[in-house]
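What's counted below: heavy atoms across the whole structure, side chains too, no hydrogens, waters or symmetry copies. In what follows, chains are A, B, ... by sequence order, proteins preceding strands, each numbered from 1. Keep in mind that what you see is a predicted model, and the values were worked out from it rather than measured.
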Number of protein chains: 2
Amino acid sequence: MSRTRNPRAPLAHPATAEIDLFHVLHALADPTRMTVVRTLAAEPGGERPCGTFPVDVAPSTLSHHFKVLRESGLIRQREEVNRRITTLRTADLEERFPGLLATVLTAYGRSVAE
Amino acid sequence: MSRTRNPRAPLAHPATAEIDLFHVLHALADPTRMTVVRTLAAEPGGERPCGTFPVDVAPSTLSHHFKVLRESGLIRQREEVNRRITTLRTADLEERFPGLLATVLTAYGRSVAE
DNA sequence: AACCATGTTCGACGAACATCGAAATAGATA
DNA sequence: TATCTATTTCGATGTTCGTCGAACATGGTT
């Protein structure tokens, strides 16, 4: 018995009804994670692999942020060939907290525009 | 020279244009602070002294939360006789991030109602 | 002058967080 | 099979956070 790792955990996502507002707000209160969310929201129906986000952190750090986003219910990730594809849970968020995501993204757009 | 304290600092508030979205989201991502905001929002034009909020933390802890809320731009505090009166910066928030506060408060109402 | 009420600052604590580098996993390719 | 690519997990580090109790500041009351 040498290794007791848990590689490739089964990617748990909260159900729509279980999405917690405080977790969502906390997840959005970070520039790197906001960039991820905003990038996904920019292209409707957008999916993209982890490596393609315009963020400036180490891969392991980004992986951590994906976990936070996933567990908060903001994004969904599915396994694919050699990639992990990320999508925004737009509809689920809209069902759980109507208007929240759009309003926050608009607010972010404002603050970027000075 | 014995004491180098700074009692009763002059209560700095960010200008409306300087309100930072990440600070706001972070401030709202805490149950105690959310309770403060929600309590103020519940009564239109509501003002109330610090001691009258339905929260369950030590006075010093609450004071800390007020500081976070004040510095994020969510609340305004003014000195009065022996009290410090707190108000929600509803109009300023609306100007800076339209719809954000209302949407978040509605979302919170939802999550409380299960 | 003592006391009380209100709310703050200070200093400490453990928990959570953002970050990284190294090692590991899994599949595709050479 | 060895290697490359994509991404995660692990372990460590330094920082921020939420919390508290103790002490302090201010002003009204006794």
How close or far is atom [atom2] of [N] from atom [atom1] of [X], stated in whole angstroms?
{"X": "His23(B)", "N": "dC17(D)", "atom1": "NE2", "atom2": "C1'", "answer": "14 Å"}
{"X": "Glu79(A)", "N": "dT5(D)", "atom1": "CD", "atom2": "P", "answer": "20 Å"}
{"X": "Leu25(B)", "N": "dC17(D)", "atom1": "CG", "atom2": "C1'", "answer": "17 Å"}
{"X": "Leu11(B)", "N": "dT8(C)", "atom1": "CG", "atom2": "P", "answer": "8 Å"}
{"X": "Arg78(A)", "N": "dA26(C)", "atom1": "CZ", "atom2": "P", "answer": "20 Å"}
{"X": "Ile85(B)", "N": "dT8(C)", "atom1": "CD1", "atom2": "C1'", "answer": "15 Å"}
{"X": "Glu80(B)", "N": "dT6(C)", "atom1": "CD", "atom2": "C1'", "answer": "13 Å"}

Practice task
Decide yes or no for Arg84(B) and Glu79(B): does some side-chain heavy atom of the first lie under 4.5 Å from some side-chain heavy atom of the second?
Solution key: yes
Handout entry: Side chain proximity check, Leu100(B) to Val104(A), heavy atoms < 4.5 angstrom
Key = yes
Fill in the blank from the handout: Nearest heavy-atom contact between Leu93(B) and Leu74(B) is CD2-CA, 4.0 Å
Practice task
Would you jot down, in residue-number order, the residues of residues 45-53 of chain B having a non-hydrogen atom under 4.0 Å from DNA chain C?
Solution key: Pro49(B), Cys50(B), Gly51(B)
Handout entry: Short side-chain N/O contact to dT8(D) OP1/OP2 from Arg84(A), under 4.0 Å
Key = yes
Practice task
Verify the contact: side-chain N or O of Arg83(A) to OP1 or OP2 of dT5(D), cut-off strictly under 4.0 Å; return yes or no.
Solution key: no
Please list every donor-acceptor pair under 3.5 Å in which a side-chain atom of residues 11-30 of chain B meets a protein atom from a residue at least two apart or in another chain.
from     : atom 1 : to       : atom 2 : distance (Å)
His13(B) : ND1    : Leu11(B) : O      : 3.1
His13(B) : NE2    : Gln77(B) : N      : 2.9
Thr16(B) : OG1    : Asp92(B) : OD1    : 3.3
Asp20(B) : OD2    : Phe22(B) : N      : 2.9
Asp20(B) : OD2    : His23(B) : N      : 3.0
Asp30(B) : OD1    : Thr32(B) : N      : 2.9
Asp30(B) : OD1    : Arg33(B) : N      : 3.0

Practice task
Applying side-chain contact (heavy atoms from CB on, under 4.5 Å), name anything that partners Ser63(B), two or more places apart in sequence or on another chain.
Solution key: none
Exercise for the section: Return the set of residues passing side-chain contact (heavy atoms from CB on, under 4.5 Å) with Pro59(A) (not counting sequence neighbours), or none when no residue passes. Expected result: none
Practice task
Decide whether Leu105(B) and Val68(B) are clustered together by the hydrophobic rule: side chain heavy atoms of Ile, Leu, Val, Met, Phe, Trp, Tyr closer than 4.5 Å, transitively.
Solution key: no
Exercise for the section: Going 5' to 3' through nucleotides 16-21 of chain C, assign each nucleotide B (protein heavy atom under 4.0 Å from a base atom), S (under 4.0 Å only from sugar-phosphate atoms) or - (no protein heavy atom that close). Expected result: -SSBBB
Handout entry: Side chain of Asn82(B) - closest among dG7(C), dA5(C), dT7(D)
Key = dA5(C)
For a quick test of your reading: what N or O donor-acceptor pairs under 3.5 Å do the side chains of residues 41-53 of chain A make, sequence neighbours left out?
from     : atom 1 : to       : atom 2 : distance (Å)
Glu43(A) : OE2    : Arg48(A) : NE     : 3.1
Glu43(A) : OE2    : Arg48(A) : NH2    : 2.5
Glu47(A) : OE1    : Arg78(A) : NH2    : 3.3
Glu47(A) : OE2    : Arg78(A) : NH1    : 3.0
Arg48(A) : NH1    : Thr52(A) : O      : 2.6
Arg48(A) : NH1    : Thr52(A) : OG1    : 3.4
Thr52(A) : OG1    : Pro49(A) : O      : 2.8

Problem - Exam field: side chain Thr61(A) to backbone Val57(A), donor-acceptor pair closer than 3.5 Å - result: no
